[in-house]
Engineer: 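Sharing a structure below in structure tokens format, with a few things to ask.
Computation of the quantities below employed the complete heavy-atom set of this structure, encompassing side-chain atoms and omitting hydrogens, waters and symmetry-equivalent molecules. Throughout, protein chains are lettered first and strands after them, A, B, ... in sequence-line order, and every chain is numbered starting at 1.
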There are 2 protein chains.
Amino acid sequence: MLCYYISDINPAGPANASVILGAKRMSTTQTMSTLDPLTHDHDQCIARALDEAERLCAQRGVRLTPLRRRVLEEIWQHHEVVKAYDLIHRLSTEDHTVKPPTVYRALEFLLEQGLIHRIESLNGYIGCSHPALAHQCQLLICRGCGQVEELDDPTLSAALQREAESHGFRVDQQIVEVRGLCPHCAPAGADVSAR
Amino acid sequence: MLCYYISDINPAGPANASVILGAKRMSTTQTMSTLDPLTHDHDQCIARALDEAERLCAQRGVRLTPLRRRVLEEIWQHHEVVKAYDLIHRLSTEDHTVKPPTVYRALEFLLEQGLIHRIESLNGYIGCSHPALAHQCQLLICRGCGQVEELDDPTLSAALQREAESHGFRVDQQIVEVRGLCPHCAPAGADVSAR
DNA sequence: GTCAGAAATGTAATAACATAACATTCTGGT
DNA sequence: ACCAGAATGTTATGTTATTACATTTCTGAC
Ligand SMILES: [Zn+2]
Ligand SMILES: [Zn+2]
Ligand SMILES: [Zn+2]
Ligand SMILES: [Zn+2]
């Protein structure tokens, strides 16, 4: 199962993406399993993620409180990595500043419930695209647009698990993060210097 | 190529390790590619790492200055993850405190030269066990003893690369970290709660 | 409905990790 | 000796995360 959406049209623009204003349709030239910016209804995407979260928490007997739900909603605003202090700023208002522990506790809950993933190499967080089942995922992190594709290739995770076990290692958790350029940013290649 | 050494005898002790005082020999019962604590001459291990670093830097025309060498030496004191601020404390004396940029610049140099690896999930660093060639490695990180085994399975890294490319992703870097228990800590399993 | 305990949230302080900007010193080539 | 570039020193600050404790909210037993 995959989830990779483009919430904003890349300024540089995907060189070969099919863009027909007003007539949403799939891009035909991208090999990446993405939805075209114009085909992706992100409001619906957010709603789906939140509904799924509600459902899972109810089913598990844990509480998706307004605060936790709000944090999850903020994380789902884009398909880009979100930082804890971004959340603090976004949740704060003129008359009420949210303090770090508030956000970190919500993040902790969402991580425990598998509703988000932590991106270790960026100290950031991203919504999980298939939270119903426990899984070891591989994250493709674009340094061009900051967006993240979550893969769940059981063959890969099994191979890594096997390799670790063959060295007598008992695996708790796999952290697999691939840094690079997504298909929308790669064509522009030359102008996307290391970030 | 593998490098996994035990610098300190685990307090809990490997349940089934062969230990013959005074007569260093390989453990016969561990499946992990480790050296028995007693067979591992860590002074020699450090010396080897530093010599290799000297050789590579000379060959590449870069300067392994006393400071950089000193930082590398500290990182190699054990086979455990080292934190930047540990290094700051270890390098500081009564009459001279080392400041963060000093250490971070040395770490940056050592990372560029492939002499150390950064462990993203721990904000730590570890000596690279085969720095002569560029490589994508897999790190097995024990939560029991803090030691790290560096694997370099080209099959695994190729599989991950292929998977990413099949999604149109251009790979810069792979981060593969496996958290769990090493064979010396796993048998004691029950008493090693999550850290 | 009441109430006690548990869970969640609020708050203040601080720890841990990392970098920016600029000054000074060191090094190697001429 | 001189110069330019590399390396290091120094100050300040930015970023990420946790500890400890107070208060509020929720839940289930009665
Ligand atoms: Zn979306
Ligand atoms: Zn991109
Ligand atoms: Zn060693
Ligand atoms: Zn261990």
Engineer: State whether the side chain of B:Gln138 and the backbone N or O of B:Val176 hold a donor-acceptor pair below 3.5 Å, judged by distance alone.
Structural biologist: no
Engineer: Centroid separation under 6.0 Å, is that true for the rings of B:His40 and B:His79?
Structural biologist: yes
Engineer: Base, sugar-phosphate alone, or nothing: which one does A:Arg105 contact when heavy atoms must sit under 4.0 Å apart?
Structural biologist: base
Engineer: In whole angstroms, how far is the P atom of D:dA17 from the CG atom of A:Leu111?
Structural biologist: 11 Å
Engineer: Using heavy atoms to find the nearest nucleotide of DNA chain D for B:Leu67 and A:Leu122 separately, return the residue whose nucleotide is more 5′.
Structural biologist: B:Leu67
Engineer: Would B:Arg170 and B:Glu165 pass as an ion pair if we require N to O under 4.0 Å?
Structural biologist: no
Engineer: Between C:dG10 atom P and A:Tyr104 atom OH, what is the distance in whole Å?
Structural biologist: 16 Å
Engineer: Distance criterion of 3.5 Å, no angle test: do you see the side chain of A:Tyr85 paired donor-to-acceptor with the base of D:dA17?
Structural biologist: yes
Engineer: On the nucleotide C:dT9, are OP1 or OP2 found under 4.0 Å from the side-chain N or O atoms that A:Thr102 carries?
Structural biologist: no
Engineer: OP1 or OP2 of D:dA17 less than 4.0 angstrom from a side-chain nitrogen or oxygen of A:Tyr125, does that happen here?
Structural biologist: yes
Engineer: Considering every strand and a 4.0 Å limit on heavy-atom distances, what is the contact class for A:Arg70: base, sugar-phosphate, or nothing?
Structural biologist: nothing
Engineer: Nearest whole angstrom, please: distance from the P of C:dT9 to the NE2 of A:His96.
Structural biologist: 11 Å
Engineer: Would you mind telling me which residue lines up with the more 5' stretch of DNA chain D, B:Arg68 or B:Lys99, judged by nearest nucleotide?
Structural biologist: B:Arg68
Engineer: If you look at every strand shown and take non-hydrogen atoms under 4.0 Å, does B:Arg69 touch a base, only sugar-phosphate, or nothing?
Structural biologist: nothing
Engineer: Measure from CD1 on B:Ile88 to P on C:dT19 and round the result to the nearest Å.
Structural biologist: 12 Å
Engineer: Does A:Lys83 make a side-chain N or O approach to OP1 or OP2 of D:dT16 shorter than 4.0 Å?
Structural biologist: yes
Engineer: Would you say A:Ser92's side chain and A:Ile88's backbone share a donor-acceptor pair under 3.5 angstrom?
Structural biologist: yes
Engineer: Using whole Å, report how far CG of A:Leu64 lies from C1' of C:dA7.
Structural biologist: 15 Å
Engineer: Strictly below 4.0 Å: does A:Asn123 bring a side-chain N or O up to OP1 or OP2 of D:dA17?
Structural biologist: yes
Engineer: Under 4.0 Å between a side-chain N/O of B:Thr65 and OP1 or OP2 of D:dT8, yes or no?
Structural biologist: yes
Engineer: Are A:Leu160 and A:Phe169 in one and the same hydrophobic cluster, where Ile, Leu, Val, Met, Phe, Trp and Tyr link if side-chain heavy atoms are under 4.5 Å apart?
Structural biologist: yes
